[in-house]
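Data first, discussion second: the structure below is written as structure tokens.
Just so it is clear, the structure is predicted and the values come from calculations on it, not from any experiment. Along the sequence shown, residues are numbered consecutively beginning with 1.
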Amino acid sequence: MTEVRILPYSHVVGQADLRRCLELAFVAPGIGGVLVSGERGTAKSTTVRSFSLMAYGGLPVTLPINATEDRVLGGWSIDALMTGRTERQPGLLEAADKQGLLYIDEVNLLDDHLVNIILDVTSTNVLVVHREGLDRPTIAVKFTLVGTMNPEEGWLRPQLLDRFGLLVPVSAETAVEQRHEILRTVLRFEEEIAKPGSPWLEKGAEQDREIRRRLDLAKTRVGKVEMPDEILGLCSRISAKFEVAGHRGEKVMALAARARAALEGHRIVTSGDVRAVAEFALAHRLPEAVYGESIKWTAKERDQLDTIILG
């Protein structure tokens, strides 16, 4: 059993959309990562770390905000160089390949050049480095990328926003009962971690193992879930009606819908699966987002989506 002390994923209160998007990206990595947008103090990092511990067996590889290109891509070991030797030091992207998940907190504050490199590697699963003093062969890497950002501190450029498969907004819970449950859980966790063999934590660990089994099962059968051509047509029609830029939106929507179907135990992707994931695939690709305006998926968009699906 891991010694990492973090709230079990199954004990996380609320954040249903965030948890569902993380699970979709785990089942279908081709979705291309998840961007989490929300104000501070909304448990974004806690939820991602709890998910990583549950799904990947350890905390995510975390990219610090001041990361250098050498740290990200790899370089030479300074200690070895000081003794006259040359020894390659793998970067964080290779570490993420081993762990399974790369986490970038406040990705909007990271240098655009580095974000672009990371997104390129995420989409191609290939790391190639050619630069002075370091010429390495192609390295196959594969991991899920999760970034968080606080929109009050500025957005990513639209070109980078589009590279993230799903965008999920998170906000503080407003219902008193939900806030009460969050507060009760946070305080209880702080008490329980001090107790050896805490039944509450062990129950959480067992529930996490069950969720992991469900995710693994969905991952093994997602490729067998039938994707009718009419569903592909629906994804294309939705994207066209919403005037989504480019074609990445409908691809992500289709992959996410199939992942959702696998999680729900469906043999065939349905329009209900598409409806459940459309806003996460499209909100950051709407014309307003492309022109740098606010990113919203309101009741108006939901009504429009229903109208399209119902034909």
Side-chain angles (χ1 to χ4, degrees), residues 2 4 6 9 15 18 21-22 25-26 29-78 88-131 134 136 138-170 284:
T2 179
V4 177
I6 192 167
Y9 181 67
Q15 304 300 2
L18 171 55
C21 286
L22 292 172
F26 176 85
I31 284 173
V34 178
L35 178 60
V36 190
S37 167
E39 58 194 2
R40 65 179 69 86
T42 47
K44 300 187 297 290
S45 296
T46 296
T47 305
V48 173
R49 290 177 176 130
S50 295
F51 176 80
S52 179
L53 190 59
M54 179 274 299
Y56 297 96
L59 293 176
V61 171
T62 300
L63 193 141
I65 195 64
N66 58 350
T68 63
E69 194 168 299
D70 274 355
R71 186 77 182 97
V72 174
L73 300 176
W76 300 112
S77 166
I78 299 299
R88 195 174 72 80
Q89 179 169 290
L92 292 173
L93 298 184
E94 288 171 80
D97 173 62
K98 292 182 171 59
Q99 201 281 334
L101 193 151
L102 178 66
Y103 177 55
I104 309 177
D105 195 15
E106 301 189 56
V107 64
N108 53 322
L109 302 183
L110 197 64
D111 181 85
D112 280 358
H113 173 63
L114 277 180
V115 176
N116 209 30
I117 290 174
I118 294 167
L119 289 169
D120 270 342
V121 173
T122 304
S123 63
T124 62
N125 293 330
V126 172
L127 172 61
V128 183
V129 180
H130 294 293
R131 66 183 187 202
L134 187 64
R136 299 194 333 232
T138 298
I139 300 174
V141 293
K142 193 172 185 178
F143 53 83
T144 297
L145 173 65
V146 177
T148 66
M149 58 174 286
N150 180 351
E152 294 176 353
E153 298 168 339
W155 281 92
L156 283 171
R157 288 188 293 114
Q159 298 93 318
L160 298 179
L161 268 179
D162 179 54
R163 304 286 297 279
F164 278 93
L166 303 174
L167 181 142
V168 55
V170 299
H284 53 308

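Of the candidates Val61, Val121, Leu101, Phe143 forms a side chain to side chain contact (heavy atoms under 4.5 Å, CB included) with just one, namely Val121. When each of Val107, Asp105, Leu22, Val146 is checked for a side chain to side chain contact (heavy atoms under 4.5 Å, CB included) with Val36, only Val146 meets the rule.
The nearest pair of heavy atoms linking Glu106 to Ile65 is O-CD1, 3.4 Å. Heavy atoms only, all atoms of each residue included: Leu102 and Ala96 are closest at CB-CB, 3.8 Å. Of all heavy-atom pairs between Asn150 and Asn108, the closest is O-ND2, 3.5 Å. In plain terms, the two heavy atoms of Leu59 and Leu53 that are nearest each other are N-CD1, 4.3 Å. Heavy atoms only, all atoms of each residue included: Pro151 and Met149 are closest at CD-O, 3.6 Å. Counting all heavy atoms, side chain and backbone alike, Gln99 lies closest to Ser52 at NE2-OG, 3.5 Å.
The distance from atom CG of Leu145 to atom OG1 of Thr122, rounded to the nearest 0.5 Å, is 4.5 Å. Rounded to the nearest 0.5 angstrom, Leu119 CG and Leu161 CG are separated by 10.0 Å. Note: Ile104 CD1 to Ile118 CD1 = 4.0 Å, rounded to the nearest 0.5 Å.
Remark: side-chain polar atoms of His284 are not paired, donor with acceptor, to backbone N or O of Leu35 under 3.5 angstrom. Between the Gln15 side chain and the Val170 main chain, no donor and acceptor come within less than 3.5 Å of each other.
Residue pairs that meet the ring pair (Phe, Tyr, Trp, His ring centres under 6.0 Å) test with at least one member in residues 33-62, sequence neighbours left out, are Tyr9-Phe51, Phe26-Tyr56. Listed by first and then second residue, the salt bridge (charged side-chain N to carboxylate O under 4.0 Å, His left out) pairs that reach into residues 111-129 are Asp112-Arg157, Asp120-Arg163, sequence neighbours excluded. The stretch residues 29-50 participates, sequence neighbours left out, in no ring pair (Phe, Tyr, Trp, His ring centres under 6.0 Å) pair at all. Applying the side-chain hydrogen bond (donor to acceptor under 3.5 Å, both in side chains) test to pairs two or more places apart or on separate chains, those with a residue in residues 32-47 are Ser45-Tyr103.
Judged as a side chain to side chain contact (heavy atoms under 4.5 Å, CB included), and not counting sequence neighbours, the contacts of Thr68 are Asp70, Arg71. The side-chain hydrogen bond (donor to acceptor under 3.5 Å, both in side chains) search around Ser50 returns none, not counting sequence neighbours. The side chain to side chain contact (heavy atoms under 4.5 Å, CB included) test applied to Asp97 returns Val141, Lys142, not counting sequence neighbours. Scored by the salt bridge (Lys or Arg N to Asp or Glu O under 4.0 Å) test, Arg49 finds no partners at all (sequence neighbours excluded).
In this structure the side chain of Val126 reaches within 4.5 angstrom of the side chain of Val128, judged on heavy atoms. Under the 4.5 Å side-chain criterion, counting only non-hydrogen atoms from C-beta, Thr62 is not in contact with Pro64.
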